[in-house]
Amino acid sequence: MNERTDTPEYRYDSAFANTIEEKWQDRWEQDGTYFAPNPSGKLADQTGRIEAPKLFIMDMFPYPSGSGLHVGHPLGFIGTDVFARYKRMTGYNVLHTMGYDAFGLPAEEHARQTGQHPRDNTNANISNMRNQLRRLGLGHDSRRSVSTTDLEFYKWTQWIFLQLFNSWYDPTVDKARPISDLESLLSNGDIKLDDESNWDSLTPAQQRETINSYRLAYLAEAPVNWCPALGTVLANEEVTAEGRSERGNHPVFRRPLKQWMMRITAYADRLLQDLEILDWSEAIKTMQRNWIGKSEGAEITFKTEETEFKVFTTRPDTLFGATYMVLAPEHPLLGEIVADVWPDQTPERWKNGMPTPLEAVQNYQKISSQKSDLDRQENKTKTGVFVGEFATVPVNGKKIPIFISDYVLMGYGTGAIMAVPGQDERDWEFAQEYDLEIIRTVQPPEGWDGDAFTGDGPAINSQFLDGLNITDAKERMIEWLEETENGTRNTTYKLRDWLFSRQRYWGEPFPIVYDDEDLPVAVPENYLPVELPDLMDWAPRSLDETSDPEPPLGRASDWVYAELDIGDGMKTYKRELNTMPQWAGSCWYYLRYLDPTNDEQFVSKDVEDYWMNGETGGVDLYVGGVEHAVLHLLYSRFWHKALFDLGHVSTPEPFHRLYNQGYIQAATYQDSRGIFVEASEVVEENGDFTYQNEVVTRSFGKMGKSLKNSVTPDEMYDQFGADTLRLYEMFMGPLDQDRPWETKSVVGSLRLLQRVWRNLVNEETGALQIVDKETPLELKRILHQTIHSVREDMENLRFNTAIARITELNNEITKSNTETPREVADVLIHLIAPLVPHVAEELWEMLGNDSSIVYSPFPVPDPTYLVSETVEIPIQINGKLKSKITVPSDLSSSDLRNAALADEKIASIISDTEIKKEIIVDGKLVNFVI
RNA sequence: GCCCGGGUGGCGGAAUUGGCAGACGCGGGGGAUUCAAAAUCCCCUUCUCUUCGGGGAGUGCGGGUUCAAGUCCCGCCCCGGGCACCA
């Protein structure tokens with residue numbers, strides 16, 4: 001934008017916007033404008049605002065990226081800021097701040113690329129991001145901004161870990177309890193040991209190991225996701241369906257390792273149930289439900305010659321249709337089950353060309369272990385091999401063959417199934433492959449020509465179940481199983497316990513040491529925090545599939561051993577060398593926002609109660625991207641529930657209302673070779689796009705470096721100013737929707753601010769153009785209708801339509817073409833204040849106010865101006881609009897009818913035609929059917 | 001395959017309980033102002049036909065309910081996202 005010599009001196013342009021924006025940002029900082037008072041403690045009230053109802057508004061914890069922000073990042077931050085500002089003006093004590101999720105893989109990977117130490121790199125990134133966000137004019141309480149990497153923060157992350165380590169889940173009361181309760185229950189025999197042995201007969205080490213196996217945070221040797229390229233193991237949630245790491249897309253291998261686990265499965269049912277009380281979108285709830293994956297059914301015991309095993313099924317009603325069994329290739333009982341020789345008349349197809357069942361099984365195990373998850377999915381043809389043994393169907397004594405196949409997963413249920421091809425598509429396919437018997441136990445509807453029938457219908461071929469529908473048949477069969485002790489009602493979950501250790505440097509150290517017995521011991525609270533040692537060589541080694549993970553902390557040789565007094569004098573202990581995963585800090589950061597300066601507790605009781613235990617229970621509004629639908633939101637709910645059980649927080653759920661903002665997308669251009677070209681240099685001509693005179697093709701994608709379509713906030717400040725950027729982002733569309741960025745459209749938002757400015761300020765002189773006179777009635781009506789709509793839109797986060805209403809009001813003021821009545825100016829400035837706080841503050845100050853508009857009450861509509869005296873009524877003939885009449889709004893139906901008939905156009909259409917039917921909706925419309 | 005979203009002008013998007021489709025903005029066209037331009041202000045801008053009065057069609061497609069359907073019902077198509085051999 002070139003400087004025009006004759007541009008009015010006091011025009012609202014980008015240079016002027018930048019000046020007042022920086023002025024107000026400094027002012028707000030000096031005045032602590034956005035400090036939200038606590039009921040007690042260091043952040044206690046000095047303003048009186050603590051008397052107002054509270055509101056806790058949050059953005060999802062960002063990680064401080066090294067590459068800086070683009071205009072897509074702050075969309076949600078602006079949304080929450082506008083809402084928070086609106087709520088402050090309507091009388092709430094609003095807590096809104098922002099912290100940094102600075103530990104973990106992203107930060108470490110970035111440090112690794114730049115070669116800088118993660119701490120230096122992280123601190124630089126945080127300060128950079130703080131500056132960028134400050135420039136947007138976000139009204140955050142800066143005293144409450146925390147980073148997970150702060151010592152004072154991760155001290156409490158470790159403290160919470162100890163709470164989890166020191167508790168167990170008591171299924172009889174369905175909540176977590178202190179581990180000391182468990183010790184008493186075990187020693188007095190109220191809780192029996194699995195092997196019926198006596199507690200007192202166990203050695204102290206055995207007793208400790210037993211107790212350890214109950215803890216919410218526990219060590220377990222379990223098959224884990226080992227990612228050599230990242231040098232660490234990963235949680236299930238961090239591995240894609242293709243068996244690769246979600247971050248970096250590196251191959252991941254399953255292998256058993258001893259790792260810290262979190263007993264989230266104990267909470268599976270509560271995590272599922274409590275979704276009901278949350279104000280979250282159905283989409284997110286569904287994703288969580290699917291992830292938890294609750295299935296109700298029965299566990300049924302099948303006997304073989306030598307042994308017995310259990311299967312899980314959701315369809316116990318189909319037991320009469322079980323014609324074969326399948327075990328997962330890794331099933332631990334295979335050793336006992338596999339026969340020495342093939343039974344007589346074993347079909348060749350079942351042997352897979354092997355001379356003995358053992359060789360066949362071993363061969364199959366080998367092949368399937370080499371298959372990646374991807375291979376398993378792509379190769380849909382069912383494979384398997386007969387193990388040479390038969391099982392007995394408990395309900396009818398039938399002997400059915402046992403197979404192994406990789407379509408049965410060891411990780412779900414019991415790793416074994418009863419196959420009912422008549423009612424299960426997968427079993428049907430396998431039965432076709434191996435020529436196995438198929439018995440239908442549910443009558444398919446007439447004309448059914450499909451394979452397995454999974455729908456409802458009357459039971460057949462099932463003796464005492466015949467005629468019952470699925471639900472009743474299931475119940476009847478479960479009764480039978482329990483009566484005859486052949487099985488029990490059972491429920492399984494897809495949710496697995498949460499793998500909690502990482503072999504990385506940049507994370508919270510565990511507050512755990514190992515003693516002489518190599519058993520874990522909690523580091524006493526007075527030794528917290530366990531500080532992350534400063535390591536020069538912090539990068540993970542690149543490793544291969546078979547090597548063991550090497551935690552980098554093992555290289556801090558003088559840190560590895562610790563002198564501690566854990567109750568029986570100073571001794572040397574070996575430290576836990578793993579670190580916590582990134583999710584640890586984000587599981588509870590919102591609680592630290594509440595009381596960030598407290599060095600006695602992670603959050604004080606009354607502060608927590610004040611902010612969390614309001615009308616809704618939990619954070620009042622939580623805005624973030626949908627990508628955290630399962631990971632963060634599930635982990636965080638789990639920690640919160642454990643803290644709730646232990647009495648540390650007052651609500652069962654952390655986030656009452658969740659709102660998923662959309663993403664800003666941007667056009668991206670590829671040349672003929674498919675290479676992305678710099679989007680800002682592409683020119684459009686007659687619908688064609690060219691880059692350096694070469695035609696390129698356009699598509700839309702996430703904004704970012706790789707697609708060469710980033711637009712930075714800084715460019716927008718230069719061209720338009722922060723208020724315009726805020727306004728444009730809020731105007732583009734509904735907050736929850738993806739929308740394409742268009743720099744050329746931003747000017748519309750700048751124009752609105754210029755028009756607002758021009759309606760109140762003389763551009764040539766800079767003087768106010770406001771008069772103390774009565775507002776004309778018609779403008780007054782529009783004013784109050786606008787207040788009404790804007791309030792409604794703000795409450796519902798519909799900022800785009802709020803801006804449209806404000807624009808209409810402003811257009812009305814422009815049209816009146818006279819000096820603006822002070823009343824109108826006052827209202828207008830308040831309406832825009834949440835959206836464009838800088839220019840609103842500036843105008844408010846120019847109007848002679850010496851306190852900030854941030855806490856000035858938002859206008860309230862006067863109901864007398866919301867109803868107008870006349871109303872325009874559309875008149876339809878046969879449902880088609882033919883005319884409109886303006887009538888008094890309280891006109892009676894019959895008068896309205898007559899008025900409609902008297903309308904010239906209507907009269908000419910109807911004249912001598914018969915009216916078959918008339919619909920008169922008072923105040924709304926008239927429709928004649930002829 | 002299953003489960004969620006969504007499909008409205010050239011573009012982003014508006015439209016309580018079914019009641020004037022296209023608010024508001026971008027882009028485009030015209031005018032005023034100006035020596036001229038920029039900026040600003042005003043008007044027009046769904047498509048289509050038109051004798052300039054107006055007529056017809058129109059919210060992904062095909063049916064239906066209704067005086068009246070973007071909105072409700074049935075059957076499809078397309079796009080985005082999630083899950084995916086979970087017994």
Side-chain angles (χ1 to χ4, degrees), chain A residues 1-2 4-8 11 13 241 281-287 289-291 293-295 297 311-315 318 326 373 376-377 379-380 382 405-409 411-420 423-427 429-430 492-495 626-627 629-630 660 665 687 700 727-728 731-734 736-742 744-749 751-752 754-755 758 763 792 798 800-808 810-811 814-815 817 872-884 905 916-921 923-930:
Chain A
M1 305 236 161
N2 297 325
R4 308 273 173 203
T5 46
D6 50 355
T7 298
R11 169 156 296 175
D13 58 14
S281 73
E282 266 318 299
I284 300 281
K285 287 187 183 182
T286 305
M287 284 187 196
R289 285 190 194 109
N290 289 344
W291 192 264
K294 181 177 184 172
S295 304
V311 304
F312 174 73
T313 178
T314 55
R315 293 292 303 275
T318 63
V326 186
D373 288 356
R376 281 189 176 198
Q377 271 174 50
N379 189 0
K380 283 279 182 188
K382 298 274 182 291
S405 171
D406 60 10
Y407 85 89
V408 172
L409 310 173
Y412 186 76
T414 61
I417 62 156
M418 64 179 207
V420 187
Q423 270 71 235
D424 184 289
E425 282 158 16
R426 298 153 302 180
D427 296 345
E429 275 179 54
F430 190 86
T492 65
Y493 298 89
K494 270 162 75 176
L495 183 69
V626 70
E627 75 271 18
V630 278
N660 296 109
Q665 307 197 304
F700 285 86
L727 192 62
Y728 175 66
F731 182 63
M732 288 165 82
D736 56 358
Q737 204 169 298
D738 293 349
R739 72 288 298 273
W741 178 267
E742 246 189 2
K744 68 167 189 178
S745 294
V746 183
V747 68
S749 297
R751 281 183 201 146
L752 172 60
Q754 286 178 332
R755 284 172 197 160
R758 201 178 298 122
E763 286 193 319
E792 218 170 65
R798 292 194 303 244
N800 55 329
T801 49
I803 294 166
R805 298 292 85 80
I806 292 169
T807 309
E808 282 173 323
N810 193 57
N811 288 346
T814 308
K815 270 183 210 160
N817 204 22
E872 197 183 44
I873 303 286
I875 304 167
Q876 303 177 332
I877 304 288
N878 292 341
K880 290 194 173 188
L881 179 70
K882 290 295 169 184
S883 185
K884 290 178 192 180
K905 268 159 104 183
K916 289 190 187 138
K917 190 167 180 178
E918 34 191 76
I919 292 98
I920 320 282
V921 186
K924 276 272 166 90
L925 120 168
V926 176
N927 186 12
F928 295 115
V929 183
I930 58 173

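Within every chain, numbering begins at 1; the chains are lettered A, B, ... in the order of the sequence lines, protein sequences first and strands thereafter.
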Quick tally for nucleotides 13-19 of chain B: nucleotides whose base has a protein heavy atom under 4.0 Å get B, sugar-phosphate-only ones S, the rest -, giving SS--B-B
Less than 3.5 Å between a donor and an acceptor, one on the side chain of A:Lys815 and one on the base of B:C41, is that the case here?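 No.
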Can a donor-acceptor pair under 3.5 Å be found between the side-chain atoms of A:Lys884 and the base atoms of B:C20?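 Pair found.
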Would you tell me if any nitrogen or oxygen in the side chain of A:Arg755 comes within less than 4.0 Å of OP1 or OP2 on B:C41?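 Answer is yes, contact under 4.0 Å.
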At less than 4.0 Å, is any side-chain N or O atom of A:Ser295 found next to OP1 or OP2 of B:A87? Yes or no.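 Checking B:A87 against A:Ser295, a side-chain N or O does come within under 4.0 Å of OP1 or OP2.
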Parallel, tilted or perpendicular: which fits the ring planes of A:Phe430 and A:Tyr407, with parallel below 30° and perpendicular above 60°?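 Aromatic pair A:Phe430/A:Tyr407 classed tilted.
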State which of [options] makes the closest approach to the side chain of [X].
X	options	value
A:Leu881	B:U40, B:C67, B:A21	B:A21
A:Met287	B:G82, B:C26, B:U40	B:G82
A:Tyr412	B:A87, B:A23, B:C67	B:A87

When all nucleic acid strands are considered with a 4.0 Å heavy-atom cut-off, which category describes A:Glu808: base, sugar-phosphate, or nothing?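 Sugar-phosphate, no base atom in range.
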From A:Val921, A:Asn878, A:Ile919, residue fulfilling side chain to side chain contact (heavy atoms under 4.5 Å, CB included) relative to A:Asn927: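 Output: one option passes, namely A:Ile919.
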Using atom names, set out every protein N or O paired with an N or O of nucleotides 56-58 of chain B below 3.5 Å, distance rounded to 0.1 Å.
unit_1 : atom_1 : unit_2   : atom_2 : d
B:A57  : OP2    : A:Lys880 : NZ     : 2.8

What distance, rounded to whole Å, do you find between the two C1' atoms, one in B:U33 and one in B:C24?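 So the two C1' atoms sit 27 Å from each other.
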Taking a pair as Watson-Crick (N1 to N3 plus N6-O4 or O6-N4) or G-U wobble (N1-O2 and O6-N3), both under 3.5 Å, which stems of 3 or more consecutive pairs involve RNA chain B?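 The stems are B:1-7 with B:77-83, B:10-12 with B:24-26, B:27-32 with B:40-45, B:46-49 with B:54-57, B:60-64 with B:72-76.
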